[in-house]
Amino acid sequence: MHDAVWLNARIATLAGATFRDGALAVAGGRISWVGERCDWKESARTEHDARGAWILPAFVDCHTHLVYAGNRAHEFELRLKGASYEDIARAGGGILSTVRATREASEDALAAAAQRRLQRWIAEGATVVEVKSGYGLDRDTELKMLRAARRLTGVTVKTTFLGAHTLPEEYKGRADAYIDFVCDEVLPAAADEKLVDAVDVFCERIAFSRAQTARVFDCAQRLGLPVKLHADQLSDLGGAALAARHHALSADHLEYSSEQGVEALARSGSAAVLLPGAFYFLRETRLPPIAALRRNHVPMALATDHNPGSSPLSSPLLAMNMACTLFHLTPEEALAGFTVNAARALGMQATHGTLEVGKAADFALWEIDSPAELAYAIGAAPCVRRERAT
Ligand code: NIG
Ligand code: FE
């Protein structure tokens, strides 16, 4: 006996099957049956009529900076007058201005603000959201951010430690000493409190070098934690290849990645996470190497990269539209980017991202005629229901 069955649904499993008149059953928080309705001969305690809606795997947003205080509308104004993101960062603004606000905020205030933002993801059918630290850059604030992230409700939260996001003012000119501090004190303390699912670094001219990134990764690996990387966003520092060498779950951004970087990702099995929100908001022009990613069969995930500086974007659906219009993804690739490939970018492919028997009963019902509509519409609200295994 199944707990519930959804009938009169169109279903795309994202694992290769589409059912035009489908049925999907759940039991004990997992998918227990999926197929054509005419083959459904079992019974369930509750029967739901999907009224012809499409049932798709729930969205997974695999890259966000959802926990922070304040906003950077003023920097947006400066950029509209001609300042660049890098100019603002070098002048002590950028990430550091959010660090100042976040250090001052209480854990309660951070959690409440993030919970409010999260309603948009829930309304768009997301059940898993990754949240990074990285606006503390000191021990207490990094831990405070991760604790705030772990308090969020309504979605499954995956926390990523991003202590090496940028150099804090108190370590100016002493980047290696800051990396020592991250590796010796902050990351071990966060891991000790079981606040870390993965470790990320911003490898960039305005952040950390390849050698510094590798030191953080070695430390993560000693603690048994998987790694991810903000790689090649503003320049080609060989970030993709570095991520691949450390068997990263994902390498993210990748606008400046080379063909060799992409080939390395293919060999390591890392996912590529594309972030069109930051590309759009910073008015970047250099496109990520989509053709090479396709040619090398690197799984392409998509994410909002929600953050106050480079991507104040709170809509997975809009990120899908941007990925198609700006990066030339197909609507089908965009959907895979927020489901099956996003789960992979978080190491959750065994439980999330597709509608297969045994996986979590996380799915959304959409009032649309075809899945391509999700990436096509701008500002629509087609999600009529979201189910999440708890
Ligand atoms: O993913 N690239 C580094 N981190 C963020 C930006 C953070 C910020 O500007 O506050 C990003 O784009
Ligand atoms: Fe980011």
Side-chain angles (χ1 to χ4, degrees), residues 61-76 78-79 83-103 105 110 113-114 117 129-137 141-142 145 149 158-168 198-208 212-213 216 227-235 237 239-240 243 248-257 271-284 286 288 301-314 319 322 342 345-346:
D61 194 344
C62 64
H63 181 144
T64 86
H65 308 249
L66 196 70
V67 170
Y68 59 86
N71 74 77
R72 308 236 292 275
H74 177 61
E75 291 180 6
F76 177 52
L78 292 178
R79 284 198 301 105
S84 76
Y85 181 73
E86 291 188 68
D87 293 339
I88 292 170
R90 289 209 174 86
I95 294 171
L96 288 179
S97 68
T98 301
V99 168
R100 287 187 285 273
T102 304
R103 284 181 178 180
L110 289 174
R117 292 179 195 118
V129 175
E130 184 255 18
V131 181
K132 299 176 196 294
S133 69
Y135 291 122
L137 314 183
T141 315
E142 287 294 307
M145 287 186 72
K158 285 290 193 176
T159 46
T160 299
F161 175 81
L162 180 57
H165 195 188
T166 198
L167 193 63
V199 174
D200 193 350
V201 174
F202 188 19
C203 181
E204 191 56 66
R205 291 185 304 224
I206 53 169
F208 297 100
Q212 290 159 343
T213 302
V216 178
V227 302
K228 310 169 77 66
L229 188 63
H230 278 74
D232 308 329
Q233 179 186 6
L234 307 168
S235 59
L237 283 192
L249 288 173
S250 68
D252 303 31
H253 283 291
L254 303 179
E255 278 81 348
Y256 284 82
S257 294
V273 179
L274 305 176
L275 304 167
F279 177 91
Y280 163 82
F281 195 64
L282 299 184
R283 296 206 278 203
E284 295 290 336
R286 167 88 174 223
L302 272 182
T304 61
D305 191 16
H306 176 92
N307 74 72
S310 69
S311 184
L313 167 63
S314 304
M322 287 176 172
L346 293 178

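All ligand and atom numbering here is 1-based and tracks the order in the structure. Being a predicted model, the structure only gives us computed values, none of them experimental.
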Side chain to side chain, Phe202 and Ile95, heavy atoms closer than 4.5 Å: yes

Verdict with supporting geometry, His63 and His253, side-chain hydrogen bond (donor to acceptor under 3.5 Å, both in side chains): CA-CA 10 Å; His63 181 144; His253 283 291; 4.6 Å; no

Pair Asp305, His65: side-chain N/O donor-acceptor within cut-off below 3.5 Å: yes

Min heavy-atom dist Tyr85 to ligand 1 below 4.0 Å: yes

Which residue and heavy atom of the protein sit nearest atom 2 (N) of ligand 1, plus the separation: Gln233 OE1, 3.0 Å

Numbered atoms of ligand 1 (with element) below 4.0 Å of His63, judged on heavy atoms: 1 (O)

Where ligand 1 meets Asn307 - atom numbers and elements under 4.0 angstrom, heavy-atom basis: 5 (C), 6 (C), 7 (C), 8 (C), 9 (O), 10 (O), 11 (C), 12 (O)

Sub-4.0 Å heavy-atom contact, Thr98 with ligand 1: no

Per-atom contacts of ligand 1 with His253, taking only distances under 4.0 Å to non-hydrogen atoms: 1 (O), 11 (C), 12 (O)

Thr64 (side chain) donor-acceptor with Glu130 (main chain) under 3.5 angstrom: yes

Distance flag, aromatic centroids of His306 and Tyr68, threshold under 6.0 Å: yes

Donor-acceptor under 3.5 Å (Arg72 side chain, Pro312 main chain): no

Backbone of Gly94 reached by a side-chain donor or acceptor of Glu75 within 3.5 Å: yes

Heteroatom distance test (Ser310, ligand 1): nitrogen or oxygen, under 3.5 angstrom: yes

Nearest heavy atoms of Leu137 and Gly163, plus distance in Å: CD2-O, 3.3 Å

Side-chain ion pair, Glu86 and Arg90, N-O less than 4.0 Å: yes

Test applied, side chain to side chain contact (heavy atoms under 4.5 Å, CB included); reference residue, Ser310; option that passes from Leu282, Leu275, Leu234: Leu282

Heavy atom of the protein closest to atom 10 (O) of ligand 1 (residue, atom name, distance): Tyr135 OH, 2.6 Å

Derivation and outcome, side chain to side chain contact (heavy atoms under 4.5 Å, CB included), residues Glu255 and Asp232: CA-CA 6 Å; Glu255 278 81 348; Asp232 308 329; over 6 Å; no

Min heavy-atom dist Glu204 to ligand 1 below 4.0 Å: no

Minimum-distance protein heavy atom relative to atom 4 (N) of ligand 1: His165 NE2, 2.8 Å

Numbered atoms of ligand 1 (with element) below 4.0 Å of Arg72, judged on heavy atoms: 8 (C), 9 (O), 10 (O)

Main-chain N/O of Leu254 paired with Gln233 side-chain donor or acceptor, under 3.5 Å: no

Per-atom contacts, ligand 1 versus Ile95 - under 4.0 Å to a heavy atom: 7 (C), 8 (C), 9 (O), 10 (O)

Closer than 2.8 Å to the Fe ion (ligand 2) - protein N, O or S atoms, ordered by chain and residue number: His63 NE2, His65 NE2, His230 NE2, Asp305 OD1

